[in-house]
Protein chains: 2
Amino acid sequence: MVKPTSVSNTIRSLRFANGEMTQAALADRIGVTRQTVIAIEQGRYSPSLEVAFQIAQVFKVSLDDVFQYPDLP
Amino acid sequence: MVKPTSVSNTIRSLRFANGEMTQAALADRIGVTRQTVIAIEQGRYSPSLEVAFQIAQVFKVSLDDVFQYPDLP
DNA sequence: CTGTGATGTTAATAATATTTGACATGGAAA
DNA sequence: TTTCCATGTCAAATATTATTAACATCACAG
C-alpha cells in the first residue's frame, strides 16, 4: 500500500445492507470496474466526486453517509 | 468546453457568504492553487473527494451543501 | 474432490486532476 | 493616468486516479 487516502467510507456495510450486493454488481451499477470498487472500498485512493455521487445514489443516501473525512486537529 | 463536469457547486455563493473570501484565499485554506479553485468553481472539472471535503470544511457545511449531482432521469 | 462465485492482488496503461507560469481584463483606488 | 487586486485564460508538465487483464485465495455447493 503506497499511500492510503485519508477519506474512509462505509461502502461495505451499505452493500450488505442492500441485499448482499456484490462488488461486481455495484461496479456494474455505477459503471466502473470491479477493481475500482475494491480499491475505493479499501481506501487505497479516494474516487472522483462523480463516482462518489454515483455510489451514494445507488444506496439512496447522501454523500456524507458514504464517505467520512477527519476533522481538523 | 472540452468536457464540463456534471457536478455543479455553490462555491461562489459560499465565498461571498463568508466575508468576501477571495479565490486565492480559499485556495490557500485548502492547499491548492488559485487556478484549481477557478476551474472547480466554474465546473470545468470535478475535484477529488479530498479537495471537496476540504472545501466543505472551510465553509463549515456538508458536502451536499457545496456540490450537487443531477438525479437519475 | 471438483467447480464456481466472491474477493483480493499486482502491474501496466489510460484518463483526469492539479500545478506552474505567463499573460489579459475590469474595477477601484491613489 | 497609473497602480493594485480579483478574476480569468491558456498551454505544458506532473501527480493522482481509473481501467484492464491475469492470476490467487477462500468458502461452499454439488
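Just so it is clear: chains get the letters A, B, ... in the order the sequence lines come, proteins before strands, and each one is counted from 1.
- When each of A/Thr36 and B/Thr22 is assigned the nucleotide of DNA chain D with its nearest heavy atom, B/Thr22 is the one assigned upstream, toward the 5' end.
- When the C1' atom of D/dT7 is taken as reference, atom CD of B/Glu20 falls 14 Å away, rounded to whole Å.
- For B/Arg34 against D/dG8, a side-chain N or O and a base N or O form a donor-acceptor pair under 3.5 Å.
- For the pair B/Arg15 and D/dT7, the criterion of a side-chain N or O lying under 4.0 Å from OP1 or OP2 is met.
- A pairwise comparison of heavy atoms in A/Gly43 and A/Asn9 identifies N-ND2, 4.4 Å as the closest pair.
- B/Gln42 comes within 4.0 angstrom of sugar-phosphate atoms only, judged by non-hydrogen atoms across all strands, and of no base.
- A/Arg44 has its CZ atom 12 Å from the P atom of D/dT17, to the nearest Å.
- Expressed to the nearest 0.5 Å, how far OG of B/Ser48 lies from CD1 of B/Ile40 amounts to 7.5 Å.
- If you check the side chains of B/Thr36 and B/Thr33, you find a donor sitting under 3.5 Å from an acceptor.
- Projected onto DNA chain C by closest heavy-atom contact, B/Ser46 and A/Phe16 fall at different nucleotides, the more 5' of which corresponds to A/Phe16.
- Residue B/Leu26 contributes atom CG, which lies 14 Å from atom C1' of D/dT7 at whole-angstrom precision.
- The distance from atom CD of B/Glu50 to atom C1' of D/dT16 is 10 Å, rounded to the nearest whole Å.
- For the OP1/OP2 pair of D/dT9 and a distance below 4.0 Å, the side-chain nitrogens and oxygens of B/Gln35 include no atom meeting the criterion.
- When all heavy atoms are compared, the tightest approach of A/Glu50 to B/Ser6 is OE2-N, 3.4 Å.
- Taking atom CG of residue A/Leu49 and atom P of nucleotide C/dA15, one finds them 21 Å apart after rounding to whole Å.
- The interatomic distance linking B/Glu41 (CD) with D/dT9 (P) rounds to 11 Å, in whole Å.
- Here the side chain of B/Tyr45 is nearest to one of C/dA17, D/dT19, C/dT7, namely C/dA17.
- Contact detail for A/Ile11 and A/Glu41: the closest heavy-atom pair is CG2-OE1, 3.6 Å.
- If you take CD1 of B/Ile11 and C1' of D/dG8, they are 16 Å apart, rounded to a whole angstrom.
- Nearest-nucleotide assignment on DNA chain D puts the 5′-proximal partner with B/Ile38, out of B/Ile38 and B/Ser48.
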